[in-house]
Amino acid sequence: MSTHTNPSTPRERLVVVGNGMAGIRTLEELLAKAPDRYDITVFGAEPHPNYNRIMLSPVLAGEKTFEQIVLNGRDWYEANGIKLLTGDRVEVIDRANRTVTAMSGLTVPYDRLLIATGSTPFIIPVPGATLPGVVGFRDLADVDTMLEAAARGGRAVVIGGGLLGLEAANGLKVKGMDVTVLHLMDTLMERQLDRSAGALLRHELERRGITVLTGADTAEIVGNERVSAVRLKNGQELPADLVVMAVGIRPNTTLGKAAGLACGRGIQVDDAMTTSDPAILSVGECVEHRGQTYGLVAPLFEMAKVAAARLAGGTEAAYTGSVTSTKLKVTGVDVFSAGDFTGGKDCEDIVFRDAARGVYKRVVVKENRILGAVLYGDTKDGGWYFQMLKDGTEVAPVRDTLIFGQSFGGEGTANPKAAVAALPDSAEICGCNGVCKGTIVTAITEKGLSSLDEVRAHTKASASCGSCTGQVEQLLALTLGDGYAGEAKAKPMCKCTDRTHDEVRRAITALNLKSIPDVMQRLEWRTPDGCHHCRPALNYYLLCEWPGEYKDDSRSRYINERVHANIQKDGTYSVVPRMWGGLTSAKELRAIADVVDKFAIPTVKVTGGQRIDLFGVKKEDLPAVWADLNAAGMVSGHAYAKGLRTVKTCVGSEWCRFGTQDSTGLGVKLERMTWGTWTPHKVKLAVSGCPRNCAEATIKDLGVVCVDSGYELHVGGNGGMHVRACDLLVKVETEAEVLEYTGAYMQLYREEARYLERTAPWLERVGLEYVKRRLVDDAEGRAALNARFLFSQSFSQDDPWAERASGSVDRHEFAPLAQVG
Amino acid sequence: MDQSISWITVGSVEDIPRQGSRVVRTAYGDIALFRTVADEVYALEDRCPHAGGPLSQGIVHGARVTCPLHSWVIDLASGEAVGPDEGCAGHCPVRVVDGAVQLGLAAFRPGRGGCGHG
């Protein structure tokens, strides 16, 4: 017999503190199980009935009204006999007398108490944080404040590039404000997204006109009466009429703590959702369960179910923690993330990129089970992955097609060819040239095409950036069946991609790709961040293509180029100061000798390129060694670089009785012009003063041999593993011509050779005739190449030693993190 | 992980560049701490099992590092060389607590060519 049927037994009194999603979901569940067990009173600090807090973003964006997000109107409370007290915050829990007292002074007794006070936005404790015009993004009042501000227009600064911050930013942008998002980390939503997905998201937001500043650390909120600007730690100041703080939430434990309940980060509950006081339960964002707190809705509902079952008298229901997933509620931006996507030991990454559709998917699998997933652009399979993740489903049987999603699961038909076959004729295959599937298929059948080159020639498909090459090949195979023999495949860059170096370079230019993650996304890399083969190559290609614009990625450089010294077999480094044209002076030699003494440098050697090499320098001594060499006027010799190394010279007409021209002086000029450049591989130049060729100029990447009537330019030589003597490129009459040819030759090599391809194999691959055609026959082209070279040089001739010796660049490279024991 | 491990805080995650490495000098020799693009942190003996190259100076990609001397690729989690090469750099228990990187140095097992990790 249940208690309520007996009027002599009063019903138990249940008081709920908090009229939010967790508290009311608990009541819904409870009413379904035991509709008449309790006399229920609900206190809500906000003046509204229960609404769907996670839909505040659409309200802000104007996509929904408040009425549309109300979950339970006042009539629902009435119909269920629940006493609802809104706009009245509970301030005291008297556990001894089992009563709660609200702000209004109202005191209500309870038999069971449910605390569901949720969380409060974390406000970063910077000066000005309490100024009017600074809001969190938590409740309807915040949304109203933001809407009012947006109605006046002006600038909004959103601090925090997480889920809430981006939703706020999007809403404010839609409402017509000029919006900047400040994010401390360098990836947006870094807790939910990996770098690739974060980069896509950033592009999309920027496309919508939202400015995104990453690595932005707020120092102060500026303003007198109200907020006027946000100042960053780097000194940058951003004018602001509204500042939204969305850097995170904190469980609201004020009430629980004051009542003496056990609290950690949240109010601590056991698996029955009971606090340290058996009469009091707690659910939602205010609780800490097994050390975890939650800020997403799914766990709250799971907690609500358990709390309701316990309140209904059950003894079995237990909450054991939640695995969570996230979606971003910004219309038109599909982002999904679940579980642990960081990977790690024994984890495999399955990565899918469809550049044309802007889709990125990454599923992390460990021991044949899904550990996490990040989806961008196409999230329809998010739920499927998430269910398998939660269930620990064995994915081995669908492993091959897992990344294509549920519709392919189990059918075993998933392959890229089938995907292309399924496309309608109107589907665009080649974005660069606007060629659709039907056009390609028609061309293949009607014109009898049988190779990629023919398709390129007739339709232009795949003829520009080449990112659709795979699809065009599949169309060839589909249309011709066995009649298609496939292409004689050029070698891909590395295992991360099917694309060749040349295809990647073309795509960087054609698609305006400006960062390594951009390239990896658009060209559908199979790994999250490449490997030691492709990353240095991509870094170089981007640096070469976008001089002055692309920021060098030192993490994609080999150690020598990262620390600007040569690593040796024992882990020490060698240092080579630049000596222009091989010249030095007593002052420089003295400085070198002093450095050798001061840092106990064990070996000093003259190099094959006429420079002095100091061996055995400890890494942490490098900045000090450089500082001393810099102080004597010397700069880095780039002896470690895929760049210009040395210009070797003989003494020429100044001293030599056979010398025909000033070979040393010309060498100095060449070195002054070419130093600091980045090239596909190392580059060595030389100038010999007469055909006796004492500087060995005819086995250099470019060698000048001075003769009575002028200068012979020799190219493509190599004194390395495969000795190759130069080819004669041209004979010119003036030093100015030598300089122009050198700049143009360097630039042609920079723009067209593959990374790690020296000039000798490059020249053999493209042919001397080709290089002559570009440099000798085409004076205009030569001048343009030289101009591009000099433009690029205007950004690259900084001494890397000076930058590092000053401590302003890469300081972390040269000091251990810690000394222990 | 072994409850009895005593953890020593050596710095914060932010001190290690993403896709980069920092070295901790210890009585057991240098330990290289790596931070991946996904912000995982790993700790290995700073010696390639092949020729003793300082792994801390290599290029970090995925959860692997390529030794700067002869381009052996080492798995950051296990310290093992990725096939076809064989050898192990040995690894040290490491964890991140509230952004602080902690080493379980007493449980560190050096590599010495053949794999000695636990």
Side-chain angles (χ1 to χ4, degrees), chain A residues 184-187 190-191 193-196 340-349 351 362 364 372 374 494 496 516-517 527-536 539 553-560 562-563 567-573 619-620 810 812-821, chain B residues 8-12 14-28 30-33 35-42 46-48 51-73 75-80 91 101 103 105-106 108:
Chain A
L184 187 59
M185 303 295 162
D186 52 17
T187 299
E190 78 285 348
R191 285 169 61 191
L193 301 182
D194 62 11
R195 210 166 62 148
S196 297
D340 177 6
F341 58 84
T342 55
K345 186 178 161 73
D346 304 328
C347 289
E348 297 167 85
D349 281 308
V351 180
R362 179 160 161 239
V364 180
V374 182
C494 64
C496 305
I516 291 177
T527 47
D529 66 336
C531 69
H532 66 278
H533 296 294
C534 57
R535 283 231 313 272
N539 188 46
D553 176 27
S554 70
R555 296 290 134 207
S556 296
R557 283 199 182 274
Y558 184 64
I559 183 64
N560 285 359
R562 211 181 317 137
V563 302
I567 193 165
Q568 301 298 339
K569 62 183 281 185
D570 62 352
T572 65
Y573 289 81
K619 192 178 180 190
E620 54 266 40
D810 289 345
H812 61 81
E813 277 284 1
F814 304 101
L817 177 65
Q819 182 117 24
V820 180
Chain B
I8 307 167
T9 299
V10 292
S12 87
E14 297 300 314
D15 294 333
I16 311 169
R18 189 173 284 162
Q19 292 178 303
S21 170
R22 294 293 296 276
V23 168
V24 176
R25 298 264 149 88
T26 79
Y28 302 88
D30 286 357
I31 302 289
L33 290 174
R35 178 178 171 195
T36 69
V37 72
D39 286 339
E40 311 144 84
V41 174
Y42 295 102
D46 194 18
R47 278 175 57 83
C48 181
L55 295 174
S56 57
Q57 312 299 298
I59 290 178
V60 176
H61 48 99
R64 292 172 170 182
V65 62
T66 300
C67 176
L69 291 194
H70 307 97
S71 294
W72 274 38
V73 178
D75 181 88
L76 291 177
S78 65
E80 301 251 24
H91 66 111
V101 179
L103 282 182
L105 206 51
F108 167 60

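Basis for what follows: all heavy atoms, side chains included, without hydrogens, waters or symmetry-related copies. Values in this document were obtained by computation on a predicted structure and should not be read as measured data. First the proteins, then the strands, lettered A, B, ... as listed; each starts at 1.
With hydrogens and angles disregarded, a donor-acceptor distance shorter than 3.5 Å links the side chain of Ser21(B) to the backbone of Leu33(B). Checking side-chain atoms of Arg25(B) against main-chain N and O of Ala818(A) turns up no donor-acceptor pair under 3.5 Å.
Heavy atoms closer than 4.5 Å to chain A are found nowhere in Leu76(B), neither backbone nor side chain. When heavy atoms are compared at a cutoff of 4.5 Å, Arg562(A) approaches chain B solely by way of its side chain, counted from C-beta outward. In this structure, chain B has a heavy atom under 4.5 Å from the backbone of Gln568(A), while its side chain stays farther away. Using a 4.5 Å cut-off between heavy atoms, Arg64(B) does not touch chain A at all. For Pro68(B), the parts lying under 4.5 angstrom from a heavy atom of chain A are both the backbone and the side chain. Heavy atoms closer than 4.5 Å to chain A are found nowhere in Ile31(B), neither backbone nor side chain.
The minimum heavy-atom distance linking Val364(A) with Asp340(A) is given by the pair CB-O, 4.0 Å. The two residues Leu69(B) and Ala51(B) make their nearest non-hydrogen contact at CD1-O, 4.4 Å.
Contact annotation: the side chain of Pro536(A) never approaches that of Arg557(A) to less than 4.5 Å [non-hydrogen atoms, C-beta and beyond].
Per-residue counts of heavy-atom pairs under 4.5 Å with chain A were compared for Asp15(B), Val24(B), Val101(B); the largest is that of Val24(B). Heavy-atom pairs under 4.5 Å with chain B were tallied for Arg555(A), Lys619(A), Glu813(A); the largest tally goes to Arg555(A). Taking Ile8(B), Val60(B), Thr36(B) one by one and counting their heavy-atom pairs under 4.5 Å with chain A, the maximum is reached by Val60(B). Between chain B and the options Ile567(A), Val563(A), Asp194(A), Asp349(A), the largest number of non-hydrogen pairs under 4.5 Å is found for Ile567(A). For the options Arg18(B), His70(B), Gln19(B), heavy-atom pairs under 4.5 Å to chain A are most numerous at Gln19(B).
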Could you walk me through whether His532(A) and Val73(B) pass side chain to side chain contact (heavy atoms under 4.5 Å, CB included), step by step?
CA-CA 9 Å; His532(A) 66 278; Val73(B) 178; 3.6 Å; yes
For Gln57(B) and Tyr558(A), run side-chain hydrogen bond (donor to acceptor under 3.5 Å, both in side chains): C-alpha distance rounded to whole Å, both residues' side-chain angles, the deciding distance at 0.1 Å, then the answer.
CA-CA 8 Å; Gln57(B) 312 299 298; Tyr558(A) 184 64; over 6 Å; no
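Comment: Arg195(A) does not engage Asp529(A) in a salt bridge, judged by the lack of any side-chain N to carboxylate O separation of less than 4.0 angstrom.
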